Amino acid sequence: MKPPIFEYASPSTVAEAVALLASRDGSAKVISGGQSLMPMLAFRLAAPELLVDLKHLKNLDAISIGEDGVRLGAKVRWCDIESDARLAVSHPLLAEAIRHVAHYQIRNRGTVGGSLAHADPSAEMPGVAMTCEARMTIVGSAGSRIEAAADFFTGPLQTSLQPDEILTEVHLPPWPAARRWAFLEFARRKGDFAMAGVALHYDLDGTGRIVDAHVGVIGVADRPIRLAAVETMLNANRLDDKLIAAASAKARESVDPPSDIHAPGAYRAALVATLLARGLKKSAA
Amino acid sequence: MKSFNSYIGRPMERVEDLRMVRGRGTYVADVNRPNQLYAVILRSSVAHGIIRSIDSSEALALPGVHRVLTAKDFGTKVPVIPLRLQPLPQLESFHQPVLADKKVRYVGEPVAVVIADSAAIAEDALERIALDIEPLPAIASRSQAEAKRAVLFEEHGSNVAITWSAFRGNADEAFKMADYVRRETFKVQRHAAMFMEPRGFVAEWDEVAGKLTVWGAAKTAWHNRRTLAAQLGLALETVDLIEVDVGGGFGSRGEFYPEDYLIPAAARIVGRPVKWTEDRREHIMSANHARDIECDVEFAVSRDGRFIGLRGQIWADIGAYIRTNGSVGPRNVAQFMSGPYCIEHIDLKSSMLTTNKTPCGTYRGPGRYETDFIRERMIDLVAQDLKIDRVELRRRNLVADAQMPYPLASITPYDSSTELDSGDYHAVFDRCLREFGWDERSKLRGQLIDGYYHGLAIGSFIEGGAAGPKEEARLVLETDGALSVYIGSSSVGQGLETIMAQIAADAMEMSYDKITIRHGSTSYVKDGYGAYHSRSTVMGGSAILLAAEKLKDLIRKTAAARLGCTAEQIVIDGEQAGFGGEHLAFAGLSDEPLEVEAEFFNKKYTWAYGTQAAHVAVDPGTGHVKVVDFISVEDVGRMINPLTLHGQAIGSIVQGLGGAFLEHLVYDDEGQLLTGSFADYLMPTASDFPNIRSITVELKPCPNNPLGAKGAGEGGLIPVGGVMANAVADALSHLNVQPMELPLSPPRIWQLVERAEAARSAT
Ligand SMILES: Cc1cc2nc3c(=O)[nH]c(=O)nc-3n(C[C@H](O)[C@H](O)[C@H](O)COP(=O)(O)OP(=O)(O)OC[C@H]3O[C@@H](n4cnc5c(N)ncnc54)[C@H](O)[C@@H]3O)c2cc1C
């Protein structure tokens, strides 16, 4: 398990990094925390000619919190999120979701940008980005662009990132203090990728009815997805056991997870239903 | 006054640990020889096929590549790996060639060896070897094997390699007479020993001296030396296998694998030292797999709940070849199914099926883990049917002290019989119930608390140990009064050095600090058998006791010559030999080291035994099982070191829990291994099973060895699968969920719950 030969560069500006990526016609790759890329190299599932390390790029590791929401630089690591006490108030869903990512050592290196770019269908950060309608800032040879999460994730381990593009920042919209939310997942062991997970949030109107429900799920499709039918069912209604049961049943029929060595698709569908019911209960507690 | 030594029984800290925790252990990856090259092995990616051609020219063109060795480099006939245990002539056609020659039979089978300046270059070269294999239909399951979709060994004509038969009494008669018969089918999944440090070798051929040295041996170094010397046509004395520190063995490390030949042979061919370090992916596809069985079994029981007969058929999927100890698991499943219970009439057949998967071998508690799952499940099913409390049912059937020695089923071919040597099975059973708080906890059975259903289970087991025929020890009293102990046992991380030093210190009435245990080389003693079948402490320890008697005789003789008395008059005490008022210290007793050798012979197994109880909580929504409490009580006859034993027991139980819940080597229908890394093959981690207790008792010393000890390294895991499945069934008893298959993965439990609920709403 030795990686194939590759060249290595660690530029000090985004522009240089983009130029390096552009120079190789698709056979250069960004390396950030290396926690997903290195295993792929060791297994020889990827063999880029050039690795462009982001480690010397400045200003990509800040967590900024303002009126307009939370901005995470691409190089923000899981442990940075974990140790930022402000997020418990500014974005409790993010803070809770990230607690489930991987193990101590990996959390010290793995990054937000790396996870989003890697786009594992079971990963927490892409799930949060989808659920919360995050917007990504992407820089490439053609300049910079902003992409909504819904357009960013295009398939299993696939995104709209072009070979010469770098994700520099992800922006999560503001979080009202009274917002109801939950994040629940089930993994075989602590730190494993989830077999399925549910992220949800909604607000309540003056009469206690749900408005603007967001329900996202991970681990049940080729990318993180929103369950629009469930959201519709929740909106404008009061959360009670009946609604929870109906939403849970709706969730089960709204997903069609593939079967793999770890579980039949039907299990993951049922798991989503279970997690959604538990999540909705928790959100009301 | 005579001083009194009592190291045995004390929780001595492991002498090995200080070195290890300081990072000063020497593993085979730490061994480097001047001028060494690196080997990497090309393995088949096809499960079954005919090798049409291998073209290495592009690989050889890569700078830094020295050789690409294929079957034709190893003579006209590629050597095969002989069986170490149960070497029946009818199994010869299933021996594995060290390198695939004409046919490949599993994914991971070695096809070529690349020798290069670095492992990275060798891996680059691997990708440039053009290997053309014409695929044949693969056999990846029992049904495919039986349907003969293909036959792995054409000359044999069937995928059933051999059928073992375990028999006692007259089972058919017993079943005719029985008041009640229960029949069920069970499955245990393929899983394997995943020791922390994968295998590896460094081999060096000294052309001038005509001598081969191989670092990285473990477990059965002497046997492997004989095999290797024969394969290479070398005299035994010219081959030295050296043990270094190892990160775990569990029955798998140290057996003779293809690499045991390939790396030394490569070193001899290239004339430079060669190093090979297995990576995890390789380990998962090349080291022995285990436990892959299906079973159709029947219990005959009298109305009052006495087991009368046991009958059935086992199918063991043993993979593509029968390697060194490949028969042990399948035959143990049959021979030991009755466990610690009286069953007078037994007729069990165990068929070994060849399939296109990695060959199987022993993994801690081989066959026993599987068979205990079946038996303990059956007992709970019987209890439920007969409405007898399962604790009571077990009590009624445990072998009583007065019945000892109690014969188990005999097995054929390679006939063997054995009997349970001693034990108070009921006392240990009751102790376990007490320690666990069974009655109190029983109130929780079936209760739903915070989303989890609670359940309990109990199960008993036996653990055979101390396989013969013998072990050797050589003691050397050095001129400075220190004692060197050379043994043929080997260390696979079980604390061997500590335990042997305790035994030697007591036997010689010496201070523990004066003793050094040497076990690292095939040149230390004439012969050795190694570490398997929970045998090191009993066999090696007993050999030390015998050698110590001889050494004390020699000390008396030597002292007597100097003090002018008879040897019988000499009193040994406090590392001195004395007569009258005169005392000679061991240090300086003689100008030459005093040396003795002894062998301990033993054909009778030791039988440790125990009982385990568990409390689980099951989440029916996710299928997750929490192990709330787990307790194991085992009688080991005589406990040398509670600390190391406790560590072995806990570690073993965790491995058992891994097999019960997590670990599974999954193949697809074409024989592709789908769980090739630790991302997919799930090992228990530190946070998974925090609540495990182990209690050791010394009720019945073993009558068959001078120590009174019973082998106890494997025990903990033996009944874990059965106990866990029973606990899950107990928790979900309101649904009558009955797991018949391991692992108890969340999807499997969820499925059982779904089916049970569907069945309930249908009625
Ligand atoms: C044992 C283990 C368990 C894990 N468990 C989990 C888990 O439970 N949940 C989870 O979400 N993750 C898990 N991970 C993955 C981990 O979180 C990774 O850190 C993360 O997915 C990738 O981040 P990285 O910074 O390490 O990216 P890298 O490995 O450096 O890169 C990953 C990919 O993203 C690209 N990339 C990286 N940064 C950028 C960028 N700024 N712009 C464009 N492309 C970029 C790279 O080119 C590469 O293709 C686990 C990993 C391991 C090894």
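Letters A, B, ... mirror the listed sequences (proteins, then strands); counts begin at 1. A quick note: this is a predicted structure, and the numbers were derived from the prediction, not measured.
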Under 4.5 Å from a heavy atom of chain A, the part of [X] involved:
X      : value
B/D688 : side chain
B/S687 : side chain
B/F678 : backbone
B/I121 : neither
B/H664 : neither

(message) Using only non-hydrogen atoms and a strict under-4.5 angstrom cutoff, which residues of residues 114-131 of chain A touch chain B?
(response)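 Interface residues of residues 114-131 of chain A: none, nothing closer than 4.5 Å to chain B.
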(request) Residue by residue, scan residues 253-265 of chain A and write down, ordered by number, those that have a heavy-atom distance under 4.5 Å to chain B; if none do, write 'none'. (result)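 Within residues 253-265 of chain A, the residues that come under 4.5 Å of chain B (heavy atoms only) are A/I261, A/H262, A/A263, A/P264.
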Counting only heavy atoms not in [X] (residues, nucleotides, ligands), do more than 12 fall under 6.0 Å from its [atom1]?
X      : atom1 : answer
B/N32  : CG    : yes
A/I5   : CD1   : no
A/Y104 : OH    : no

(request) For the pair A/R44 and B/L126, evaluate side chain to side chain contact (heavy atoms under 4.5 Å, CB included) and give the outcome as yes or no after the intermediate values. (result) CA-CA 12 Å; A/R44 296 187 178 229; B/L126 278 193; over 6 Å; no
(request) Working to the nearest 0.5 Å, report the span between OG1 of B/T685 and NZ of A/K190. (result)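 If we round to the nearest 0.5 Å, B/T685:OG1 and A/K190:NZ are 9.5 Å apart.
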(message) To the closest 0.5 Å, what do you measure between CZ (A/R268) and CH2 (B/W750)?
(response)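 The CZ atom of A/R268 sits 11.5 Å away from the CH2 atom of B/W750.
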Just so I understand: if I count every heavy-atom pair under 4.5 Å between each of [options] and chain A, which residue has the most?
options                       : value
B/V666, B/T277, B/V40, B/D619 : B/D619
B/T675, B/T622, B/D668        : B/T622
B/E282, B/R748, B/E127        : B/E127

(message) Strictly distance-based, threshold 3.5 Å: is any side-chain N or O of A/Y267 a donor or acceptor partner for the main-chain N or O of B/G623?
(response)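 Not confirmed, A/Y267 side chain does not pair with B/G623 backbone.
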(request) Please answer whether the main-chain N or O of B/F661 pairs with a side-chain N or O of A/R188 as donor and acceptor at a distance below 3.5 Å. (result)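 Yes, because the side chain of A/R188 sits within donor-acceptor range (under 3.5 Å) of the backbone of B/F661.
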(message) I'd like to know if A/R252 pairs up with B/E754 as an ion pair, taking the criterion as any Lys NZ or Arg NE/NH1/NH2 lying under 4.0 Å from an Asp or Glu carboxylate oxygen.
(response)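 Salt bridge flag = yes for B/E754 with A/R252.
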(request) Check each atom of A/F43 against the heavy atoms of chain B and say whether the ones under 4.5 Å are side chain, backbone, both or neither. (result)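 For A/F43, heavy atoms of backbone and side chain both lie under 4.5 Å from chain B.
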(message) Between A/A273 and chain B, with a heavy-atom cut-off of 4.5 Å, which part of the residue counts as in contact: side chain, backbone, both or neither?
(response)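 Interface part for A/A273: neither.
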